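To keep things clear, I will list the structure first and then write my remarks on it.
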Amino acid sequence: MAEPVVKASAFELVDDAGRVRARLAPGEEGAVALDLAGTDGTIRLTVGLGPDGSAIVGLRDGDGTVRALLTAPPKASGSPSLDLIDREGRQRVSVLEGEGLPTGLAIWDDSGRHRAVLAHGPAPDRDASAEFWDTEGHYRVGLGTWPDGSTGVELLDDRGNVRGRLGERPDRTICIEEWDAAGQLRARFGDRPDGSFTVDFWDRDGTYRHGIGSLPTRE
């Protein structure tokens, strides 16, 4: 004997007081969602599928504002994400992963400006890095490792000009560089694979002016 089939355009679950606590209904362009509400009727959780087939989970606060949003793409090659949102509806934190994208954490301030990233990749061009922007949205500091095994720190001014660098290369040498506001390398201090140390200086036109150094390490 066939089981009875119930069909409807929407389903609602109510409590003993007649309050709607859950609702399952289709949306526009093929979307569908299940909303779960608290005892006061405020929706606190939404689970659904978007028009493009993306799976979505939204967590809401006591006012019904979405505060955390988890999405999974309709295709395996897409990028899932987890976003944290403040009570004003502004994105503040995002966890990202996807083909051709860095895997990591991005942070925005309460003005909507991108302020920090902690990420790995995308391979093979990049390794692990931490990057920071100032209150005006200018990229100011980056530090990380590179696929070739080197590490470094880079400082920039508010016009995007590199002003200082500290790096360690795969051959285990270390170099410190200072650049002027016009983007010209002015000084470099570092060691060499043979164990010698050098200090070099350039003028504002980029002409090499002076260098001093130590002798190589004796065997």
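Here, residue 1 is the first one in the sequence, and each next residue gets the next number. All values derive from a computational prediction rather than experimental measurement.
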Minimal heavy-atom distance between Ser9 and Pro26, with the atoms involved, is O-CD, 2.9 Å

Of all heavy-atom pairs between Val162 and Glu154, which one has the smallest distance, and what is that distance?
CG2-OE2, 3.7 Å

Leu45: what forms a side-chain contact (heavy atoms from CB on, under 4.5 Å) with it, not counting sequence neighbours?
Leu36, Val47, Val57, Leu59

Checking Pro122 now: which residues fulfil side-chain contact (heavy atoms from CB on, under 4.5 Å) with it, not counting sequence neighbours?
Pro102, Arg126

Could you list all the salt bridge (charged side-chain N to carboxylate O under 4.0 Å, His left out) pairs where at least one residue sits in [range], not counting sequence neighbours?
| range | result |
| --- | --- |
| residues 136-150 | Asp134-Arg140 |
| residues 11-21 | Glu12-Arg23, Asp15-Arg19, Asp15-Arg21 |
| residues 102-113 | Asp109-Arg115 |

Can you pull out every ring pair (Phe, Tyr, Trp, His ring centres under 6.0 Å) where at least one residue sits in residues 134-172? Sequence neighbours excluded, please.
Trp133-Tyr139

Listing request: all ring pair (Phe, Tyr, Trp, His ring centres under 6.0 Å) pairs with a residue in residues 41-75, at least two apart in sequence or in separate chains.
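Of all non-adjacent pairs touching residues 41-75, none passes ring pair (Phe, Tyr, Trp, His ring centres under 6.0 Å).
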
Just by modelled atom types, is the Gly183 backbone N or O under 3.5 Å from a matching donor or acceptor in the Asn161 side chain?
no

When you measure from the side chain of Arg44 to the backbone N and O of Arg60, does any donor-acceptor pair fall under 3.5 Å?
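Here the side-chain-to-backbone pair exists.
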
Excluding sequence neighbours, so at least two apart, what forms side-chain hydrogen bond (donor to acceptor under 3.5 Å, both in side chains) with Glu177?
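With neighbours one apart ignored, the set is Trp179, Arg188.
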
At what distance, to the nearest 0.5 angstrom, does [atom1] of [X] lie from [atom2] of [Y]?
| X | Y | atom1 | atom2 | answer |
| --- | --- | --- | --- | --- |
| Glu29 | Asp52 | CD | CG | 10.0 Å |
| Asp203 | Tyr208 | CG | OH | 12.0 Å |
| Thr42 | Asp35 | OG1 | CG | 12.0 Å |
| Leu105 | Leu118 | CG | CG | 6.5 Å |
| Ile107 | Gln91 | CD1 | CD | 11.5 Å |

Kindly write out the residues that satisfy salt bridge (charged side-chain N to carboxylate O under 4.0 Å, His left out) with Arg92, not counting sequence neighbours, or none if the list is empty.
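Only Asp86 meet the salt bridge (charged side-chain N to carboxylate O under 4.0 Å, His left out) criterion with Arg92.
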
Just say parallel, tilted or perpendicular for the rings of His210 and Phe201, cut-offs at 30° and 60°.
parallel

Supply the members, apart from Val20, of the Ile/Leu/Val/Met/Phe/Trp/Tyr cluster built from side-chain contacts under 4.5 Å; use none for a lone residue.
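When side chains under 4.5 Å apart are linked, the cluster holding Val20 also contains Val14.
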
Would you mind listing the cluster partners of Leu96? Hydrophobic ones only (ILVMFWY), side-chain contacts under 4.5 Å, chaining allowed.
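None, because no other hydrophobic side chain comes under 4.5 Å of this residue.
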
Validation: residues 65-72 side-chain donor-acceptor distances under 3.5 Å, sequence neighbours left out:
from, atom 1, to, atom 2, distance (Å)
Arg67, NE, Ile85, O, 2.7
Arg67, NH1, Asp61, OD2, 3.2
Thr71, OG1, Ser81, OG, 2.9

